[in-house]
**Q** 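Take a look at the following structure, please.
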Amino acid sequence: MSKDFFDEQREQSLVKATIVKKYFEVWAKVVLPTVRKKSPQNPRIAYIDLFAGPGRYKDGSKSTPIKVLEKAIQDPEIAQTLVTLFNDLDGDNTKSLEEAIQSLENIQNLKYQPQVTNEVVGEDIVKQFEKNKLVPTLFFVDPYGYKGLSLKLINSVVKDWGSDCIFFFNYNRINMGLPNNAVKHHLDALFGEVRADSIREKLTQLKPSERETMIVEAICNALKDMGGKYVLPFRFKNQSGSRTSHHLIFVSKHPKGYSIMKNIMAKESSIVNEGVPSFEYSPASEKYPLLFELSRPLNDLQEMLLNDFSGKIITMKELFEKHNIDKPYIRSNYVDVLNNLEEQGKINVKVKPGKKRRKVKGQFADHLTICFLIKQ
């Protein structure tokens, strides 16, 4: 890690912190009603960050842990149920974080005061998580490189109900580390040894853009094989927009979490083409808008739907839930395309008996039944 890593909060770091904070807010509200039913006497949820960093950047801007705690303090329901654990191996970081936590206004409103530790992230922590059934936990893993980040670590938390993981995937460091035998065990732990060896065999034959696609695809597939059914990567470009610096990857076992995070990442995308988000943040994207207007993503979605559902009958709700996984499209994109297909006479839309349909621009109700004509 460079000495100036925490000197100022660059735009990418701000977007990353915003994504985590926004997801935490919604996630907590979604899981708490069920938590209260299951454990009415002692309802608890948790937020864990094993590479927490300092409390503030040197320019004074707040770190992710502080933003999460501020939200918890502001919400009485979260304040009475949230358990937090922040860890960092760097003693200066933990000292800074503890000072920032104690200086938070109304920190005493939290029923469970934040725990700050100074431990190595390795097998001991993984074993501890593996043997215990965790309360619903949002797990944020933001290592400075890749040491300590492993499939076993992620799975040790997301194995339990209501628990999701967001982790920092340092593409540059991982791309350079894969061919390096000195760090082989770290990369094997991240991808799984068999998959990591397969990547190494193919790397030398690929162009830089192909390398990135293969590596990110490999980590997403590894997470799915582990049981993290819903995986969503968000890419960050460097300051010039010329290459990828890292990804933020979300892992969940529940479609609700996937849907929530997809909407959050969509809004943080620096480019939206025809309403379709890029799931990418590039500080330079505003400089080159023409490059991003040359593709027509809604045309692609329209063709996909006509091919995938030719001759089929399905409700709007079922179509969206089945089709949007692992694709960049959000619900409003499907609404636009389906309304367009109806105007073209390529689908017929039916309403439930006894109900009337009011056609409103930009709307397409979940209960509507779509009959796709057989594509010729």
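Start at 1 with the first residue, then count along the sequence. What you see below is based on every heavy atom in this structure, not just the backbone, and it leaves out hydrogens, waters and symmetry mates.
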**Q** Does the structure place the NZ or CZ of R357 under 6.0 Å from the centre of the six-membered ring of F364, at an angle of no more than 45° from the ring's axis?
**A**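 Geometry flag: set, cation within 6.0 Å and 45°.
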
**Q** How long is the straight-line distance from NE2 of H247 back to CZ of F167, given to the nearest 0.5 Å?
**A**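 It is 10.5 Å, given to the nearest 0.5 Å.
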
**Q** Residues in ring pair (Phe, Tyr, Trp, His ring centres under 6.0 Å) with F250, at least two apart?
**A**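 Residues passing ring pair (Phe, Tyr, Trp, His ring centres under 6.0 Å) with F250: Y23.
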
**Q** Indicate, with yes or no, if V231 and Y171 share a hydrophobic cluster defined by side-chain heavy-atom contacts under 4.5 Å among Ile, Leu, Val, Met, Phe, Trp and Tyr.
**A**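 As far as the 4.5 Å side-chain criterion goes, V231 and Y171 are connected within one cluster.
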
**Q** Can you pull out every side-chain hydrogen bond (donor to acceptor under 3.5 Å, both in side chains) where at least one residue sits in residues 222-237? Sequence neighbours excluded, please.
**A**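 Sorted pair list: R195-D225, E212-R235, K224-D326, R235-E280.
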
**Q** State, yes or no, whether a side-chain contact exists between Y258 and I325 at a heavy-atom distance under 4.5 Å.
**A**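 Heavy-atom side-chain distance check passes, below 4.5 Å.
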
**Q** With side-chain contact (heavy atoms from CB on, under 4.5 Å) as the test, pick out the partner of C165 among L223, I48, V141.
**A**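 Only match with C165 under side-chain contact (heavy atoms from CB on, under 4.5 Å): V141.
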
**Q** Out of curiosity, F279 CZ to K327 NZ, how far, rounded to the nearest 0.5 Å?
**A**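 Taking CZ in F279 and NZ in K327, the distance rounds to 12.5 Å.
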
**Q** Given side-chain contact (heavy atoms from CB on, under 4.5 Å), test I330 with S332 step by step and report yes or no.
**A** CA-CA 6 Å; I330 55 178; S332 61; 3.6 Å; yes

**Q** Do L248 and P233 touch side chain to side chain, with heavy atoms closer than 4.5 Å?
**A**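 L248 does not reach P233 side chain to side chain.
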
**Q** Please output the side-chain donor-acceptor pairs of residues 179-188 that fall under 3.5 Å, not counting sequence neighbours, one pair per line with the distance.
**A**
| residue | atom | partner | partner atom | Å |
| --- | --- | --- | --- | --- |
| N180 | OD1 | A182 | N | 3.0 |
| K184 | NZ | D188 | OD2 | 2.7 |
| D188 | OD1 | R200 | NH1 | 3.1 |
| D188 | OD1 | R200 | NH2 | 3.0 |

**Q** Hey, are N87 and T117 close enough side-chain-wise for a donor-acceptor pair under 3.5 Å?
**A**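 Yes, a side-chain donor-acceptor pair sits under 3.5 Å.
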
**Q** Is there a side-chain contact between I249 and I166, using heavy atoms and a 4.5 Å cut-off?
**A**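 Contact flag for I249/I166 side chains = no.
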
**Q** Does the D88 side chain pair with the main chain of N93, one donor and one acceptor, at a distance under 3.5 Å?
**A**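 Between the backbone of N93 and the side chain of D88 there is no qualifying donor-acceptor contact (under 3.5 Å).
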
**Q** For a quick test of your reading: what N or O donor-acceptor pairs under 3.5 Å do the side chains of residues 71-81 make, sequence neighbours left out?
**A**
| residue | atom | partner | partner atom | Å |
| --- | --- | --- | --- | --- |
| D75 | OD1 | K29 | NZ | 3.3 |
| D75 | OD1 | E77 | N | 3.0 |
| D75 | OD1 | I78 | N | 3.2 |
| D75 | OD2 | K29 | NZ | 2.7 |
| E77 | OE1 | K29 | NZ | 3.4 |
| E77 | OE2 | R36 | NE | 3.2 |
| Q80 | NE2 | N109 | O | 3.4 |
| T81 | OG1 | E77 | O | 3.0 |
| T81 | OG1 | I78 | O | 3.3 |

**Q** According to ring pair (Phe, Tyr, Trp, His ring centres under 6.0 Å), who are the partners of F191, at least two apart in sequence or on a separate chain?
**A**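 Listed in chain order: nothing, the list is empty.
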
**Q** State which residues pass ring pair (Phe, Tyr, Trp, His ring centres under 6.0 Å) with F24; sequence neighbours excluded, sorted by chain then number.
**A**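 Checked F24 against ring pair (Phe, Tyr, Trp, His ring centres under 6.0 Å); matches are Y47.
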
**Q** Between N118 (side chain) and T94 (backbone), is there a donor-acceptor pair under 3.5 Å?
**A**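 No.
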
**Q** Could you list the cluster mates of V194? Members are the ILVMFWY residues connected by side-chain heavy atoms closer than 4.5 Å, either directly or through other members.
**A**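 Other cluster members: none.
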
**Q** Can you sort out the partners of Y146 under ring pair (Phe, Tyr, Trp, His ring centres under 6.0 Å), two or more places apart, ordered by chain and number?
**A**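 Y146 satisfies ring pair (Phe, Tyr, Trp, His ring centres under 6.0 Å) with no other residue.
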
**Q** Does E210 come within less than 4.0 Å of K202, counting only side-chain N to carboxylate O?
**A**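 No.
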
**Q** Look at D336 together with R331 and state whether they make a salt bridge at an N to O cut-off of under 4.0 Å.
**A**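 Between R331 and D336 there is no salt bridge, as every charged N stays at least 4.0 Å from the carboxylate O atoms.
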
**Q** Extract all donor-acceptor atom pairs below 3.5 Å that involve side chains of residues 131-140 and protein atoms in other chains or at least two apart in sequence.
**A**
| residue | atom | partner | partner atom | Å |
| --- | --- | --- | --- | --- |
| N132 | ND2 | Q128 | O | 2.9 |
| T137 | OG1 | V135 | O | 2.6 |

**Q** Less than 3.5 Å apart, any donor N or O on the side chain of E201 or S198 sitting next to an acceptor on the other?
**A**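 The answer is no; no qualifying pair exists.
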
**Q** Among side-chain atoms of Y334 and H323, is any donor-acceptor pair under 3.5 angstrom?
**A**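 Yes - a donor-acceptor pair under 3.5 Å links their side chains.
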
**Q** Atom CG in L319, atom NZ in K312: separation rounded to 0.5 Å?
**A**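 NZ of K312 is found 10.0 Å from CG of L319.
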
**Q** Checking side chain to side chain donor-acceptor pair (under 3.5 Å) for the pair T315/E318: CA distance, chi angles, key distance, verdict?
**A** CA-CA 5 Å; T315 65; E318 291 169 332; 3.2 Å; yes

**Q** Does the plane of the ring in Y281 sit parallel, tilted or perpendicular to the ring in F236? Use 30° and 60° as the thresholds.
**A**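 Ring orientation, 0 to 90° scale: tilted.
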
**Q** Could you check V351 against L368 for side-chain contact (heavy atoms from CB on, under 4.5 Å), going step by step and ending with a plain yes or no?
**A** CA-CA 5 Å; V351 184; L368 292 175; 3.9 Å; yes

**Q** I'd like to check the side-chain hydrogen bond (donor to acceptor under 3.5 Å, both in side chains) partners of S150; sequence neighbours left out, ordered by chain and number.
**A**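 Partners of S150 under the side-chain hydrogen bond (donor to acceptor under 3.5 Å, both in side chains) test: none.
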
**Q** Centre of W27's six-membered ring, under 6.0 Å away, within 45 degrees of the axis: is that where NZ or CZ of K256 sits?
**A**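 Relative to the ring axis of W27, which defines the angle, K256 lies outside at least one limit.
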
**Q** Under 6.0 Å from the CD atom of Q108, do we count more than 12 heavy atoms belonging to anything else shown?
**A**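 Yes, the 6.0 Å shell around CD holds more than 12 heavy atoms from other groups.
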
**Q** Would you check if N42 and R44 make a side-chain contact, meaning some heavy-atom pair closer than 4.5 Å?
**A**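 Sidechains of R44 and N42: in contact.
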
**Q** Tell me if a side-chain donor or acceptor on S259 pairs with a main-chain N or O of P255 at a distance below 3.5 Å.
**A**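 Checking the backbone N and O of P255 against the side chain of S259, no donor-acceptor pair under 3.5 Å is found.
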
**Q** Verify side-chain contact (heavy atoms from CB on, under 4.5 Å) between I347 and L338, making sure each step is shown before the conclusion.
**A** CA-CA 8 Å; I347 61 172; L338 290 169; 4.0 Å; yes

**Q** K317: what forms a salt bridge (Lys or Arg N to Asp or Glu O under 4.0 Å) with it, not counting sequence neighbours?
**A**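 Testing K317 for salt bridge (Lys or Arg N to Asp or Glu O under 4.0 Å), a comparison that skips the adjacent residues, returns E321.
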
**Q** Using a 4.5 Å cut-off on heavy atoms from C-beta on, say whether the side chain of K253 contacts that of W161.
**A**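 Sidechains of K253 and W161: no contact.
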
**Q** With side-chain contact (heavy atoms from CB on, under 4.5 Å) as the test, pick out the partner of V20 among T64, I264, D142.
**A**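 The single option meeting the side-chain contact (heavy atoms from CB on, under 4.5 Å) with V20 is T64.
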
**Q** Taking only Lys NZ, Arg NE, NH1 and NH2, and the carboxylate oxygens of Asp or Glu, determine whether E70 and K62 approach each other closer than 4.0 Å.
**A**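 Yes, this pair counts.
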
**Q** Considering the options N324, D300, V337, which one meets the side-chain contact (heavy atoms from CB on, under 4.5 Å) requirement together with Y329?
**A**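 Checked N324, D300, V337 against Y329; only one passes side-chain contact (heavy atoms from CB on, under 4.5 Å): D300.
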
**Q** Distance-only, no hydrogens or angles: does the S96 side chain make a donor-acceptor pair with backbone N or O of G55 under 3.5 Å?
**A**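 Yes, because the side chain of S96 sits within donor-acceptor range (under 3.5 Å) of the backbone of G55.
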
**Q** Hey, are the side chains of I45 and L32 touching, using non-hydrogen atoms and a 4.5 Å cut-off?
**A**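 A side-chain contact under 4.5 Å exists here.
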
**Q** For a 4.5 angstrom cut-off between non-hydrogen side-chain atoms, does M261 reach F234?
**A**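 SC-SC contact between M261 and F234 ruled out.
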
**Q** With sequence neighbours left out, write down each residue that passes side-chain hydrogen bond (donor to acceptor under 3.5 Å, both in side chains) with N307, or none if nothing qualifies.
**A**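 Checked N307 against side-chain hydrogen bond (donor to acceptor under 3.5 Å, both in side chains); matches are K375.
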
**Q** Quick one: does N339's side chain have a donor or acceptor within less than 3.5 Å of a partner on V335's backbone?
**A**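 Flag set: sc N339 to bb V335 pair under 3.5 Å.
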
**Q** Report the C-alpha distance between N155 and V251 in whole Å, list the side-chain angles of each, state the deciding distance to 0.1 Å, and finish with yes or no for side-chain contact (heavy atoms from CB on, under 4.5 Å).
**A** CA-CA 10 Å; N155 191 50; V251 189; over 6 Å; no

**Q** Has the side chain of S63 got a donor or acceptor atom that lies under 3.5 Å from a matching backbone atom of P54?
**A**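 Yes, S63 side chain to P54 backbone: donor-acceptor pair under 3.5 Å.
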
**Q** Can you tell if the side chain of P114 reaches within under 4.5 Å of the side chain of L110, non-hydrogen atoms only?
**A**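 Yes, their side chains come closer than 4.5 Å.
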
**Q** Could you grab the distance from atom OG1 of T244 to atom CZ of F169, nearest 0.5 Å is fine?
**A**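 Spacing of OG1 (T244) from CZ (F169) equals 11.0 Å.
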
**Q** Without hydrogens or angle criteria, can the side chains of N172 and H246 be said to hold a donor-acceptor pair below 3.5 Å?
**A**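 No donor-acceptor contact under 3.5 Å links the two side chains.
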
